[in-house]
Amino acid sequence: MAVHPQLPNAITIARILCAPIFLWMLLADGGAGGGLRWAAAVLFIVAIATDGVDGYIARRYNIVSDLGKLLDPIADKVLTGVAFVGLSILGELDWWVTIIVLVREIGITVYRFIVVSDHVLAAAWMGKLKTVFQSIALSIALLPLGSLSDAAAWQSAVWWASVVTMTIAVILTIASGIDYIVTEVRAARKRGSR
């Protein structure tokens with residue numbers, strides 16, 4: 001079966017284009033747990049899941065490109081960044097969490113563009129793990145699961161699931177940012193010693 005070489009990149013770009021639609025849906029009803037909130041959460045989950053789809057297609061059909069390596073992590077950052085900001089605007093996530101995440105994400109993205117003429121900074125394993133945990137934490141935070149039951153035990157379980165996954169996501173966000181910096185410094189030293 002022939003696959004168009006730009007299909008993975010098209011999927012990645014579609015993920016970026018979903019971000020403003022998702023944000024509008026999230027904020028439109030002021031964060032109420034109604035239909036728009038559920039739709040926003042589902043759109044986020046489907047869009048972030050395409051991260052695995054475009055990567056699988058690119059590797060399976062050997063159509064990995066430098067553009068894809070550059071755009072793929074940016075698409076993830078746009079979608080997750082918008083989700084963090086949206087949750088903070090709604091008062092459901094402390095702004096300090098969002099600021100830590102955005103500083104790391106914007107910093108790495110700007111650095112990617114600075115070094116793109118020299119080399120493409122592809123996502124490392126820790127960065128991918130960070131994205132997985134951010135996606136899980138954000139999905140739990142976005143889905144209005146608390147509205148499904150008034151039981152205190154259920155409300156507590158949802159709250160704890162959100163806190164634990166978000167804490168892991170923030171720790172991995174910081175750790176992966178440090179990992180990128182250390183890796184790039186070592187690589188620059190190697191290039192400089194040649």
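Because only heavy atoms are used, hydrogens play no part in the values below, and waters and symmetry mates are left out as well, while side chains stay in.
- Side-chain contact check for Trp95 versus Val85: some heavy-atom pair is nearer than 4.5 Å.
- For Ser176, the side chain to side chain donor-acceptor pair (under 3.5 Å) partners are Arg104, not counting sequence neighbours.
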Evaluate the salt bridge (Lys or Arg N to Asp or Glu O under 4.0 Å) criterion for residues Lys130 and Glu105: first the C-alpha distance (whole Å), next the side-chain angles of each, then the deciding distance (0.1 Å), finally the verdict.
-> CA-CA 11 Å; Lys130 174 267 307 177; Glu105 304 296 27; 2.9 Å; yes
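- Contact between Leu23 and Gly86 at its shortest, heavy atoms only, is CD1-CA, 3.8 Å.
- Residues passing the side chain to side chain donor-acceptor pair (under 3.5 Å) test with Thr50, sequence neighbours excluded: Arg15.
- Taking Val53 as the reference, Ile11, Ile57 meet the side-chain contact (heavy atoms from CB on, under 4.5 Å) condition, with sequence neighbours excluded.
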How far apart are the C-alpha atoms of Thr183 and Tyr180, what are their side-chain angles, what is the distance that settles it, and do they pass the side-chain contact (heavy atoms from CB on, under 4.5 Å) test?
-> CA-CA 5 Å; Thr183 301; Tyr180 273 117; 5.8 Å; no
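- Both Ile21 and Ile45 are members of a single hydrophobic cluster when ILVMFWY side chains are connected at heavy-atom separations under 4.5 Å.
- Minimum heavy-atom separation, Val82 to Ala19: CG1-O, 3.7 Å.
- Hydrophobic cluster membership differs between Val42 and Leu87, with clusters built from Ile, Leu, Val, Met, Phe, Trp and Tyr side chains linked at under 4.5 angstrom.
- Interatomic distance, CD1 of Ile100 versus CD1 of Ile171, reported as 10.5 Å (0.5 Å rounding).
- Between Ile140 and Met166 the shortest side-chain heavy-atom distance does not fall below 4.5 Å.
- In this structure, Phe133 is a member of the same hydrophobic cluster as Met126, with clusters built from ILVMFWY side-chain heavy atoms closer than 4.5 Å.
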Quick one: do Gln134 and Leu172 satisfy side-chain contact (heavy atoms from CB on, under 4.5 Å)? Show the steps, please.
-> CA-CA 9 Å; Gln134 283 185 355; Leu172 285 171; over 6 Å; no
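- Under the 4.5 Å side-chain heavy-atom criterion for Ile, Leu, Val, Met, Phe, Trp and Tyr, Leu138 and Val132 are members of distinct hydrophobic clusters.
- Note that CD1 of Ile74 is 10.5 Å distant from OG1 of Thr12, once rounded to the nearest 0.5 Å.
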Residue pair Leu36, Trp24: steps toward the side-chain contact (heavy atoms from CB on, under 4.5 Å) verdict | CA-CA 9 Å; Leu36 275 176; Trp24 175 82; 4.2 Å; yes
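- Put simply, OG1 on Thr173 and CD1 on Ile168 are 11.5 Å apart, with the number rounded to the nearest 0.5 Å.
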Report, one line per pair, each donor and acceptor closer than 3.5 Å where one atom sits in a side chain of residues 150-164; sequence neighbours left out.
| unit_1 | atom_1 | unit_2 | atom_2 | d |
| --- | --- | --- | --- | --- |
| Trp154 | NE1 | Leu145 | O | 2.8 |
| Gln155 | NE2 | Gly146 | O | 2.7 |
| Gln155 | NE2 | Ser149 | O | 2.6 |

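- Summarising the geometry, atom CD1 belonging to Ile89 is positioned 5.0 Å from atom CG belonging to Leu27; distances are rounded to the nearest 0.5 Å.
- Once rounded to the nearest 0.5 Å, the distance linking CG of Leu79 with CG of Leu43 reads 7.5 Å.
- For the residue pair Phe44 and Ala83, the shortest heavy atom distance occurs at CE1-CB, 3.9 Å.
- Under a hydrophobic-cluster definition in which Ile, Leu, Val, Met, Phe, Trp and Tyr are linked whenever side-chain heavy atoms come within less than 4.5 Å, directly or via other members, Leu102 and Tyr111 are assigned to the same cluster.
- Using a distance-only test at 3.5 Å, with no hydrogens or angles considered, a donor-acceptor pair links the side chain of Thr98 to the main chain of Phe84.
- Remark: Arg37 pairs with Glu92 by the salt bridge (charged side-chain N to carboxylate O under 4.0 Å, His left out) rule, at least two apart or across chains.
- Qualifying side-chain contact (heavy atoms from CB on, under 4.5 Å) partners for Ile181, counting only residues two or more places apart in sequence or in other chains: Val185.
- Rounding to the nearest 0.5 Å gives a distance of 6.0 Å between OG1 of Thr80 and CD1 of Ile48.
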